[in-house]
Amino acid sequence: MIDNVVPDGGHRKRPSGFRNTLIIGSVGVLSAGLVLVGMSTTANAASTLGASAQQSGRYFGTAISTAHLGDSQYTTIANAEFNMVTPENEMKIDATEPNQGQFNFTNGDRVFNWARQNGKRVRGHTLAWHSQQPGWMQSLSGSALRNAMINHINGVMAHYRGNIYAWDVVNEAFADGSSGGRRSSNLQSTGNDWIEVAFRTARAADPNAKLCYNDYNTDNWTAAKTQGVFRMVQDFKQRGVPIDCVGFQSHFNGNSPYPSNYRTTLSSFANLGVDVAITELDIQGGSATTYANVVNDCLAVARCVGITTWGVRDSDSWLGAGASPLLFDSGGNKKPAYTAVLNALNASPTVSPTPTTSPSPSTSPSPSTTFRLRNEGAGRCVDSPNSATANGTLFQIFDCHTNPNQRFTYSAGKRLEILGKCLDSPTGAGSGTRVQLWDCHTGTNQQWNFNTNGTVTNGANNLCLAVTATTNTSPVTIATCNGSANQRWTMA
Ligand code: XIL
């Protein structure tokens, strides 16, 4: 009925003529379902940054710091407005490997868990960088440092394997100024191939994370530094070095102003076949016009997947509150720049039918609204074999059709009902367990959450609904979440 298998980082185009109604919670899920079955909905501007970005299939994120997680004003704003999280310092090298070979994820996990518990995805930041290295790494060189870098990437990525949307694998490796070359650093001194070694290591360590190169002062298309990074990414793509995305920090100030060719920069990189993202946005002085320009430039580039501001309130900024660089003032009030950003996001054409996160119990969709659960990777639908209704019947995927054994309703208790029974993750199930049909009840193992990235997670174990293969009759399981196409579902 609808062809919306998306390549990684792509955006599903909604049929033109439909405007999105974006309502938080599973009402949003219902609305997506209604659109998919062809009923029009009324245009509604979303009222938060994350929800409005989601309308065009993008995210709106923020840096989160453990320093503020006890501040309810901060967490309230961050939770309401943003749907992507970057730990500001907590996953950096000095935080995660303070002593060589001894990893510490205490604060990284605090930010990660806050994000995950609030239904947000996480950008990992950062694995290989000349700055914020622990003392032991600063004093290493040569092959000892190269091996330490590899070991660090493996150690950190193993801990978060399958749970990070994108990693800034390498940060700030290029020099400022007119050279267009690499920054001198202890990592650079290990050999010019250190960046590609980092990316190859990262791909093997977590094949499901997008791998990004991230830098600042790469916004002006004609700058030597921008061109230097561009040539590296071009070279990596030509030689098959794994790279999926380029992050533009975009710390704009008087010395590094927003450039009028910013959109050209974003689109030129995207044309190399990578996602682009604005990863650490702040604008000294907080110009609403400049903020709107940045947002509009991202919206104009299909592979600009999202925007992250480097903090929530001005008082949280690494630049100090006096710089007034963010979207909320130090009292937590929305600034004119906030309104400019929200308006720009809401003016964008709406595209994504991805189910929205339902962080809280939601109102019940009409029982008469049925939908199929179509797996994006397989292009097939969850199916009760031969319309079996016995408890314990194991679900499969099969070519999508219109019979009741593929028809679900999403009930008030977040249950997925079919054939008078419910989709059930067996009690105590671990990754790889097949899901089954069972008498409906109120247990969490029959509760399913629709996430912004298209995954569907079980309320008892937080594992993701998945398929193990794409052919007819392949099993439907729950599995450790990795966000890949075999774990993404469309209500079709
Ligand atoms: C900054 C943090 O915001 C500060 O708290 C910390 O003291 C220094 O690092 N580029 C990056 C970020 O990639 O990691 C930096 O974050 C800002 C510049």
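Starting from 1, each residue takes its place in the sequence as its number. One-based numbering, in listed order, for ligands and for the atoms of each. The structure presented is a predicted model; accordingly, all values stated were derived computationally and were not measured.
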Practice problem: Compute the ring centroids of Phe269 and Tyr213, then answer whether they are less than 6.0 Å apart. | Solution: no
Quiz item: Does Asn451 use its side chain to pair, donor to acceptor, with the backbone of Gly454 at less than 3.5 Å?
Solution: no
Quiz item: When you measure from the centre of the six-membered ring of Tyr216, is the NZ or CZ of Lys225 under 6.0 Å away and within 45° of the axis?
Solution: yes
Exercise. For a side-chain hydrogen bond (donor to acceptor under 3.5 Å, both in side chains) with Gln249, tell me which candidate from Asp215, Asn171, Asn217 qualifies.
Key: Asn171
Self-check item: Closest contact, heavy atoms only, Ser47 versus Glu81
Solution: O-OE2, 4.3 Å
Quiz item: Any side-chain donor paired with an acceptor under 3.5 Å for Ser185 and Arg183?
Solution: no
Quiz item: When you look for protein heavy atoms under 4.0 Å from ligand 1, which residues do they belong to?
Solution: Glu88, Asn89, Lys92, His125, Trp129, Gln132, Asn171, Glu172, Gln249, His251, Glu280, Trp310, Trp318
